[in-house]
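See structure below.
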Amino acid sequence: MTAAASYPYDFLIVGAGLFGSCFARIATDNGHRVKVIDRRPHIAGNCYTEEKERIHIHRYGPHIFHTSNEAVWAFINRFATFNNFVNSPLALSRGQLLSLPFNMNTFYQLWQTRTPDEARARIEEQRLQLDRPAANLEEQALSLVGHDIYERLILGYTQKQWQKHPRDLPAEIIRRLPVRFTYDNNYFNDRYQGIPVDGYTQVFNRLLEGIDVQVGVDYHESREYWESQGAQIVYTGKIDELFGYSQGELEYRALKFEDTWHQQRNVQGNAVINYCDADVPWTRMIEHKHFSPQADDPDCSVLTKETPMAWSRTETPYYPVNNDANMAIYKAYAEQAGRLDRYILGGRLAEYKYYDMHAVIGSALLRCQSMGLAVDDRR
Ligand code: UDP
């Protein structure tokens, strides 16, 4: 696997996000020479956090780490100390704040049902009865929680987020959300959860410690040069861009972030508030300091309004739109990629996958192991 000694490095990693940085660390730990480049002016991809007034601002949207995968948890704990943050977002709908995920608190707030049996009965009477798997997001939502919650908490948010009707979206998007018949506002079911105490960027600094990293370098601008270096190329950018968009362009959703600073310690009282009504353009308001409560709480706070936007090639891609049409295009590229020599593709953009952070790390660990690279995941 090691390239000839005359080459300057064994692996060129394109992209300093999660997949690329984990791969870089493991390859380096296994004695390989690694170089990492990223077209953005910083490392950490969309996990990037920026520190201002002692607050870690999640620059590309809220990132809450959660996993049940022991190997992933052990591996990432080599580079991060997690706090005990538990994600309990609230949802604003028609002037009322409701609990998420859909649980006994939400059902009580909506219907004043007090027991699981009462809540189940209320859902049962308005639920879509299906004798086959849901064919789209609307069917999935209606069959799981019924009409009221679909109308109040899902329809408007989803249309804003994806610019498509839930009927035209895959059911998988909403399978992410738990439905619980307990009074439990924890958004995730995973065993481990938290936020790195000194921000995500520091985690990436540690992952990439001692590795040659160059930011502000666009692989595609000098592809021939990089290919001539003889290294294996770990490519984590957009798969359609790798093939010059020859089979068509894959669709993404973009996001706009607007910050407001307040001379106030606590503005909204929670890290995340979702805005579910269709007539408000933004989907989330984030008060970053609540991700990492600290003893010396600064007497100011920053809130970020997150508004989904149409995506174009020049914008940062956030969410892949994994509907049938896009998946057919992706499949054609993936087949082409399988025939490429020397390329290893991974991560959200190269696999066109709506990945959570822990799943990206898991896939990087597996990929490395499948290549014979040892992974140190001892806690
Ligand atoms: N969703 C919704 N209402 C909400 C939160 C989520 O309808 O208040 C739906 C929406 O379609 C969204 C999907 O559930 O795209 C997944 O939500 P999640 O919070 O997991 O999205 P992420 O944090 O990845 O943006």
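Because the structure is a prediction, the values reported are computed rather than measured. Just so you know, ligand 1 is whichever comes first in the structure, and atom 1 is the first atom listed for that ligand. Only this structure's heavy atoms are used, side chains among them; waters, hydrogens and symmetry mates stay out.
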Exercise. Counting from 1, what ligand 1 atoms have a heavy atom of Asn274 closer than 4.0 Å?
Worked result: 4 (C), 5 (C), 8 (O)
Problem set entry | Closest approach of any protein heavy atom to atom 15 (O) of ligand 1, naming residue and atom | Trp162 NE1, 2.9 Å
Problem set entry | Under 4.0 Å to a heavy atom of Arg284 - the qualifying atoms of ligand 1, by number | 22 (P), 23 (O), 25 (O)
Exercise. Should the ring pair Phe107 and Phe181 be called parallel, tilted or perpendicular, given that the plane angle runs from 0 to 90° and is split at 30 and 60?
Worked result: tilted
Exercise. To the nearest 0.5 Å, how far apart are OH in Tyr157 and CG in Leu100?
Worked result: 9.0 Å
For this session: Indicate whether any N or O donor in one side chain lies under 3.5 Å from an N or O acceptor in the other, for Asp184 and Asn186.
Result: no
For this session: Indicate, with yes or no, if Val179 and Leu142 share a hydrophobic cluster defined by side-chain heavy-atom contacts under 4.5 Å among Ile, Leu, Val, Met, Phe, Trp and Tyr.
Result: yes
Seminar exercise, completed: of all protein heavy atoms, closest to atom 10 (C) of ligand 1 is Thr158 OG1, 3.4 Å
For this session: Verify whether the ring centers belonging to His220 and Tyr235 lie closer than 6.0 Å.
Result: yes
Problem set entry | Heavy-atom nearest neighbour in the protein, as seen from atom 18 (P) of ligand 1, with distance rounded to 0.1 Å | Tyr187 OH, 3.6 Å
Exercise. How far is atom 20 (O) of ligand 1 from its nearest protein heavy atom, and which residue and atom name does that atom have?
Worked result: Arg176 NE, 2.9 Å
For this session: Assert yes or no for the condition that the ring centre distance of Trp162 to Tyr319 is strictly below 6.0 Å.
Result: yes
Problem set entry | Option set Ile173, Leu92, Leu137, criterion heavy-atom distance to atom 16 (C) of ligand 1, minimum | Ile173
Problem set entry | Rounded distance [0.5 Å steps], CD1 in Ile329 versus CG in Asp240 | 8.5 Å
Seminar exercise, completed: Out of Tyr319, Tyr275, Tyr355, the nearest non-hydrogen contact to atom 25 (O) of ligand 1 is supplied by Tyr319
Exercise. So which heavy atom in the protein is nearest atom 14 (O) of ligand 1, and how far is it from that ligand atom?
Worked result: Leu177 CD1, 3.6 Å
Exercise. Is the distance between the ring centroids of Tyr219 and Tyr225 under 6.0 Å?
Worked result: no
Exercise. Which heavy atom of the protein is the closest neighbour of atom 12 (C) of ligand 1, given with residue, atom name and distance?
Worked result: Tyr157 CE2, 3.9 Å
Exercise. Judged by non-hydrogen atoms, does Cys276 sit under 4.0 Å from ligand 1?
Worked result: yes
For this session: Would you kindly specify which portion of Ile154 sits under 4.0 Å from ligand 1, judged on non-hydrogen atoms: side chain, backbone, both or neither?
Result: both
Exercise. Would you call the rings of Tyr60 and Tyr318 parallel, tilted or perpendicular if under 30° counts as parallel and over 60° as perpendicular?
Worked result: tilted
Exercise. Which atoms of ligand 1 have any heavy atom of Tyr354 under 4.0 Å away?
Worked result: 16 (C), 21 (O), 22 (P), 24 (O), 25 (O)
Exercise. Under 4.0 Å from any heavy atom of Gln161, which atoms of ligand 1 are there?
Worked result: 15 (O)
Exercise. Does Leu153 reach ligand 1 with a nitrogen or oxygen that is under 3.5 Å from one of the ligand's nitrogen or oxygen atoms?
Worked result: yes
Exercise. Which atoms of ligand 1 are found less than 4.0 Å from any heavy atom of Leu100?
Worked result: 8 (O)
For this session: Check whether the ring centres of Tyr200 and His58 lie less than 6.0 Å apart, and answer yes or no.
Result: yes
